[in-house]
Amino acid sequence: MNLVIALLGLLLVAAGVMWWRAVVRLRTLQERHARELEDRRAAQDAAVAQHRQRLQALLDSMIEGIVVLDQQKRVAIANRAAVELFGMSEPVEGRALLEAVRHHEVAALVSRLETEPAVLGHEIRIEGASPRFMQINAVALREPNGTPGGAVLVFHDLTRVRELEGVRQEFVANVSHELRTPLSLIKGAAETLLDGAKSDDVALGRLLNIIDRHADRLRLLIDDLLMLAKLDSGRVVLNVQPSALRLAVQEVIEDLAERAKTRDIQILNTLPAGMMAKADPDRLRQVLSNLIDNAIKYGRPAGTVTIGGRVLSEAFVEVCVRDDGPGIPPESRARVFERFYRADKARSREQGGTGLGLAIVKHVVQAHGGDVRVESEPGRGATFCFTLPR
Ligand code: ADP
């Protein structure tokens with residue numbers, strides 16, 4: 001009897017131990033499973049975060065602005081370019097489209113996507129201190145079951161293209177105008193000659209003179225235009241070498257001596273003898289020639305033109321051309337380096353100017369790594385200074 005009870009007790013203890021071990025094992029398994037699930041979820045979250053980060057980096061590296069909208073027309077994704085284009089305030093995600101881009105035409109475009117799969121090449125103008133132009137491509141997104149799933153908008157900033165187009169059109173209009181003026185004078189003189197004026201000696205001399213002068217003007221204009229086109233396209237290769245500035249100035253003064261004499265202008269070269277610059281000698285002559293020629297053309301009759309210079313720093317020297325003429329009004333000072341800009345149109349034309357000389361000077365000096373500026377007090381002359389590397 002006692003033995004039976006002992007055996008039963010033993011059995012019970014063994015069953016208890018087995019049950020306990022089973023429970024512990026089950027719990028361990030459950031815990032491992034939970035841990036594995038957690039690890040897997042963390043790995044998935046990390047993969048999603050990495051994927052999102054890569055997508056954002058990819059979108060942020062694009063020049064075009066990209067906005068992805070959800071079904072409720074709220075911003076789901078906006079890249080950096082879009083945030084900058086529309087000055088969106090962060091956080092952008094979750095904002096209504098109109099609140100984010102603040103442009104009714106964009107909202108109207110998105111509404112069109114309810115009936116059209118895509119709207120491509122739509123252009124809008126964004127008003128502001130300076131207007132901006134944007135081309136938009138919008139595509140509707142669909143869920144796999146065909147229901148609307150939001151939209152993708154791609155914004156291409158056309159402002160710079162439009163600006164350049166404007167500059168090009170203005171340039172072409174200016175060139176045509178500048179070419180037409182001397183051409184019609186030449187044509188007029190030739191017609192008058194053909195109509196019989198050639199038999200009149202006085203008229204013949206006068207008309208041939210007109211043809212000669214305006215043909216020269218055409219040639220100058222074409223030379224300057226070709227020079228600017230070359231500079232623009234970077235086709236001018238600078239043959240930079242140590243150049244003695246005083247000597248370069250002296251040579252230009254000699255070239256222009258006849259012109260200076262016609263206006264009774266005295267030219268002084270006050271550059272220190274040993275001053276050197278790293279420059280292409282031909283281009284340097286062109287810069288000096290344009291500035292000194294202007295000083296003669298626009299300076300005071302019987303006045304003085306002075307060319308001076310100084311060492312600015314370890315790296316740069318500065319050369320200045322000063323006249324004692326009427327100077328340049330403040331509103332024109334910043335513009336005289338623009339193509340075809342003239343502070344005094346009548347005077348420039350009368351002197352045979354092309355309106356391109358200072359634009360060429362600026363281009364050439366900048367190609368050398370220097371800069372050019374003008375100082376002038378009305379009535380007290382003008383001083384043009386440019387820098388060159390030493
Ligand atoms: P232009 O062929 O008309 O001389 P530039 O480009 O050389 O063209 O000069 C642009 C304009 O700047 C000139 O038309 C003139 O009005 C003004 N300008 C240039 N140099 C001087 C100067 N030394 N004094 C006064 N005005 C000047």
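For the numbers below, each heavy atom of this structure counts, side chains included, while hydrogens, waters and symmetry mates do not. Order of listing sets the numbers, starting from 1, for every ligand and every atom in it.
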Expected output: side-chain Asp324 to main-chain Gly303 donor-acceptor under 3.5 Å: no
With Arg21 via side chain to side chain donor-acceptor pair (under 3.5 Å) - residues at least two apart: none
Side-chain donor or acceptor of Asn137 paired with backbone N/O of Val154 under 3.5 Å: no
Within the protein, residues bringing a heavy atom under 4.0 Å of ligand 1, chain by chain: Asn294, Lys297, Tyr298, Asp323, Gly327, Ile328, Val336, Tyr341, Arg342, Ala343, Asp344, Ser348, Gly353, Thr354, Gly355, Leu356, Gly357, Leu358, Ala382, Phe384
Test side chain to side chain donor-acceptor pair (under 3.5 Å) applied to Glu64 - qualifying residues, sequence neighbours left out: His156
Glu84: salt bridge (charged side-chain N to carboxylate O under 4.0 Å, His left out) partners, not counting sequence neighbours: none
Cation-aromatic face contact Arg390/Phe316, 6.0 Å, 45 degrees: no
